[in-house]
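Each remark here refers to the structure printed beneath this line.
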Amino acid sequence: DMSKIESGKTVLNIQMFDLQELLDKLNIMTLPLANAKGQTFTILQHNVFCKKLWGDSVRISQVLLNLLSNAVKYTPEGGNICLSVSMNQPFPHSRIHVIFSVEDDGIGISRDDQVHIWERFYRVDASRTGKEEGSHSGLGLSMVKWIAQAYGGNVRVESELGKGSCFTF
């Protein structure tokens with residue numbers, strides 16, 4: 001995927017999709033992972049006034065699954081993970097802005113690391129994260145950033161060591 005992205009060969013496949021179906025699928029895929037670690041996983045919807053949207057549901061799912069799997073991976077047993085979705089429409093008849101946030105009370109990310117996490121192959125010090133789990137290619141967050149930017153949006157992180165992280169796009 002990253003090779004296609006960098007060469008400009010990846011395009012968004014914009015189609016109508018059902019937001020609730022997308023959230024239900026994310027719940028089905030994330031809840032067992034969180035339950036296995038004794039974590040609480042919730043999905044909250046704020047001001048969601050439209051369920052049928054135009055967008056690339058595969059890429060949106062890819063971003064959210066990456067962020068959710070990181071949250072599960074870096075949140076200790078018994079922790080909390082929340083996916084929030086909200087909408088706003090700044091002007092009548094304008095595009096709807098959909099805001100997704102993945103928040104956890106996990107290990108957090110230092111300010112120094114926050115500057116670099118969007119870079120290809122960058123990984124937060126593995127010794128700090130404990131045992132190795134899942135894929136650690138260091139490509140996930142750079143792909144998240146590309147997809148957010150392809151939509152004309154952005155992605156940001158707020159995090160504090162020992163208190164967790166919130167990724168919003």
Side-chain angles (χ1 to χ4, degrees), residues 1 5 10-35 37-76 78-111 113-118 124 139-169:
D1 277 349
I5 287 169
T10 299
V11 294
L12 296 175
N13 184 17
I14 306 298
Q15 297 179 357
M16 186 175 282
F17 71 96
D18 185 295
L19 177 62
Q20 189 59 54
E21 286 179 16
L22 183 139
L23 295 175
D24 290 344
K25 287 177 184 174
L26 290 168
N27 189 52
I28 288 168
M29 295 187 334
T30 305
L31 193 57
L33 301 172
N35 285 342
K37 287 185 72 175
Q39 298 166 335
T40 301
F41 173 61
T42 55
I43 297 177
L44 301 176
Q45 297 181 48
H46 307 282
N47 198 33
V48 175
F49 51 84
C50 183
K51 296 288 185 176
K52 300 287 185 187
L53 302 172
W54 286 92
D56 188 334
S57 64
V58 172
R59 294 293 182 194
I60 294 169
S61 293
Q62 186 177 15
V63 166
L64 292 172
L65 281 172
N66 182 283
L67 296 176
L68 289 167
S69 66
N70 282 349
V72 169
K73 187 184 309 179
Y74 298 115
T75 299
N80 301 290
I81 299 162
C82 181
L83 167 60
S84 298
V85 183
S86 61
M87 293 181 174
N88 68 42
Q89 192 168 15
F91 305 104
H93 310 294
S94 67
R95 290 183 178 208
I96 296 169
H97 296 183
V98 182
I99 299 103
F100 296 95
S101 295
V102 174
E103 186 170 4
D104 64 62
D105 56 5
I107 63 173
I109 304 166
S110 74
R111 292 233 184 265
D113 284 325
Q114 287 177 41
V115 174
H116 300 287
I117 59 173
W118 312 109
V124 175
L139 292 174
L141 290 177
S142 58
M143 190 172 303
V144 163
K145 183 176 181 177
W146 178 87
I147 292 170
Q149 289 176 337
Y151 268 104
N154 60 32
V155 61
R156 68 181 187 276
V157 63
E158 296 174 25
S159 187
E160 189 174 335
L161 281 175
K163 295 189 178 181
S165 302
C166 182
F167 287 83
T168 303
F169 82 99

Atom pair CG (Asp105) and OG1 (Thr40), whose distance is rounded to the nearest 0.5 Å: 8.5 Å

Audit row: Ser101, Thr168, side-chain hydrogen bond (donor to acceptor under 3.5 Å, both in side chains) steps and yes/no: CA-CA 4 Å; Ser101 295; Thr168 303; 3.0 Å; yes

Flag, side chain of Asp104 to backbone of Ser165, donor-acceptor distance under 3.5 Å: yes

NZ/Lys51: more than 12 non-hydrogen atoms of other groups inside 6.0 Å: yes

Straight-line distance of Ser57 OG to Asn13 CG, nearest 0.5 Å: 8.0 Å

Minimum-distance pair of heavy atoms, taken over all atoms of Lys145 and Val155: CA-CG1, 3.8 Å

Reported CG-to-CZ distance for the pair Asn88 and Arg95, which is rounded to 0.5 angstrom: 14.0 Å

Contact summary for Leu33 and Gln39, nearest pair of heavy atoms: O-OE1, 4.5 Å

Over all atoms of both residues, closest heavy-atom pair of Ile99 and His97: CD1-O, 3.8 Å

side-chain contact (heavy atoms from CB on, under 4.5 Å) between Leu64 and Met29, worked out: CA-CA 11 Å; Leu64 292 172; Met29 295 187 334; over 6 Å; no

Lys37 to Thr75 - nearest heavy-atom pair and separation: NZ-O, 2.9 Å

pair Leu22-Lys25: side-chain heavy atoms closer than 4.5 Å: no

Test ring pair (Phe, Tyr, Trp, His ring centres under 6.0 Å) applied to Phe17 - qualifying residues, sequence neighbours left out: none

Heavy-atom side-chain proximity of Phe100 to Ile60 below 4.5 angstrom: yes

Sub-4.5 Å side-chain heavy-atom contact between Asp18 and Lys52: yes

Closest heavy-atom pair and its distance - Ile96, Cys50: CD1-CB, 3.9 Å

Taking every non-hydrogen atom, the tightest pair across Ile109 and Ser159: N-OG, 2.7 Å

Pairwise side-chain contact, Phe167 with Ile117, heavy-atom cut-off 4.5 Å (strictly under): yes

Modelled atom types, side-chain donor and acceptor of Glu158 and Gln114, under 3.5 Å: no

CA sep, side-chain torsions, deciding dist, call: Leu19, Val48, side-chain contact (heavy atoms from CB on, under 4.5 Å): CA-CA 9 Å; Leu19 177 62; Val48 175; 3.8 Å; yes

Side chains of Gln15 and Asp56 in contact at under 4.5 Å (non-hydrogen atoms): no

Asn47 CG to Ser86 OG distance, which is reported to the nearest 0.5 Å: 7.5 Å

Reported CD1-to-CD1 distance for the pair Ile81 and Ile43, which is rounded to 0.5 angstrom: 11.5 Å

Non-hydrogen side-chain atoms of His116 and Leu141 separated by less than 4.5 Å: no

Check: Asp24/Gln20 side-chain N/O donor and acceptor closer than 3.5 Å: yes

Check against side-chain contact (heavy atoms from CB on, under 4.5 Å), Leu68 and Phe41: CA-CA 10 Å; Leu68 289 167; Phe41 173 61; 3.6 Å; yes

Thr30 (side chain) donor-acceptor with Asn27 (main chain) under 3.5 angstrom: no

Side-chain heavy-atom pair Leu83, Leu26 within 4.5 angstrom cut-off: yes

Contact check, side chains of Met16 and Leu53, non-hydrogen atoms, under 4.5 Å: no

